Amino acid sequence: MSATAPATWTWSDSRWLEIRAFGWMLGVTLPATVVIGLVGAGATSGWDVETSFGSWLSAIGGTVVWMLMVDVVAFLPTMAAALVALPFTMLLGRAMRPVRSRLLQIAATSALAGVLAALPLVALPDWFIILGPISVAAGAAGALARNGEFRRADRLAAAAVAAAAAATATADAPDAADSDAPAVTATTDPATAADQTP
């Protein structure tokens, strides 16, 4: 998959990409990471949950509560991380302007988000069990956000083409109506001609 490289990359582009990634992070990838983590913990512990209907409902309810709690706790740190990542996103966007491959641009955005989220591991290596999954969630959010930017650009381009086609069709409509009108020819009624003969 390829596309023409953007003519420029602005701070506005970077800001909107960060906003999209922020939404994907808190709305999808971080909650999904929590679910995967809880499922993994359950699998390694031998699924210490009774298979009765009530117990499974309790487990599902507990998972939802954990998802909400993690989102609440991560809201401010995620916002701060987005602000810190903004200049790096700007630099990456400008560096990737000559790259036509969308897949490469999505992969580069994902790598940048994941690496930035993993930087605290340099000072806190013992927190890998927490920061590692968060880094993966951040990388996935970056990829989804960049892909969303491309999909939005495609929709806008398609809408512009459709609008241009509609305008052209409207402009050609009067000409088509004139060409479909019946031709008017001058005819002379023989009787009328006889009356007008001196």
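Every value quoted in this text rests on a predicted model; they were computed, and no experiment measured them.
Transitive grouping of hydrophobic side chains (ILVMFWY, heavy atoms separated by less than 4.5 Å) keeps Val70 and Val28 in distinct clusters. Under the 4.5 Å side-chain heavy-atom criterion for Ile, Leu, Val, Met, Phe, Trp and Tyr, Ile19 and Leu112 are members of distinct hydrophobic clusters. Taken together through direct or relayed side-chain contacts under 4.5 Å among Ile, Leu, Val, Met, Phe, Trp and Tyr, Trp66 and Val136 form parts of separate hydrophobic clusters. Two different hydrophobic clusters hold Leu17 and Trp24 under the rule that ILVMFWY side chains link at heavy-atom gaps under 4.5 Å. Linking ILVMFWY residues whenever their side-chain heavy atoms come closer than 4.5 Å, directly or via other members, leaves Leu91 and Trp11 in distinct clusters.
In this view, Glu149 and Arg20 satisfy the salt bridge (Lys or Arg N to Asp or Glu O under 4.0 Å) rule, not counting sequence neighbours. Among residues two or more places apart in sequence or in another chain, the salt bridge (Lys or Arg N to Asp or Glu O under 4.0 Å) test is passed with Asp71 by none. Legend: residues meeting side-chain hydrogen bond (donor to acceptor under 3.5 Å, both in side chains) with Ser14, ordered by chain and number and at least two apart, are Trp9.
Although no hydrogens or angles enter the test, the distance criterion places no donor-acceptor pair under 3.5 Å between the side chain of Ser110 and the main chain of Ile106. For Ser135 (side chain) and Ala117 (main-chain N/O), no donor-acceptor pair under 3.5 Å exists by modelled atom type.
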Tabulate below the donor-acceptor pairs under 3.5 Å that side-chain atoms of residues 76-90 make, not counting sequence neighbours, or state none.
residue	atom	partner	partner atom	Å
Thr78	OG1	Ala74	O	2.5
Thr89	OG1	Glu18	OE2	2.4
Thr89	OG1	Ala85	O	2.9

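Shortest non-hydrogen contact noted between Ala95 and Pro98 is O-CD, 3.3 Å.
Other members of the hydrophobic cluster containing Leu68, listed by chain and number, are Val64; membership follows side-chain contacts under 4.5 Å among ILVMFWY residues, whether direct or relayed.
Note: Leu92 CG to Arg146 CZ = 8.5 Å, rounded to the nearest 0.5 Å. Note: Arg94 CZ to Thr10 OG1 = 8.5 Å, rounded to the nearest 0.5 Å. Separation of atoms CD1 (Ile134) and CD1 (Ile129) is listed at 11.5 Å; rounding is to 0.5 Å.
Listed by first and then second residue, the side-chain hydrogen bond (donor to acceptor under 3.5 Å, both in side chains) pairs involving residues 29-41 amount to none (not counting sequence neighbours).
Counting non-hydrogen atoms of other residues, nucleotides and ligands closer than 6.0 Å to CH2 of Trp127 gives a total of 12 or fewer.
A heavy-atom distance below 4.5 Å is found between the side chains of Leu116 and Leu119.
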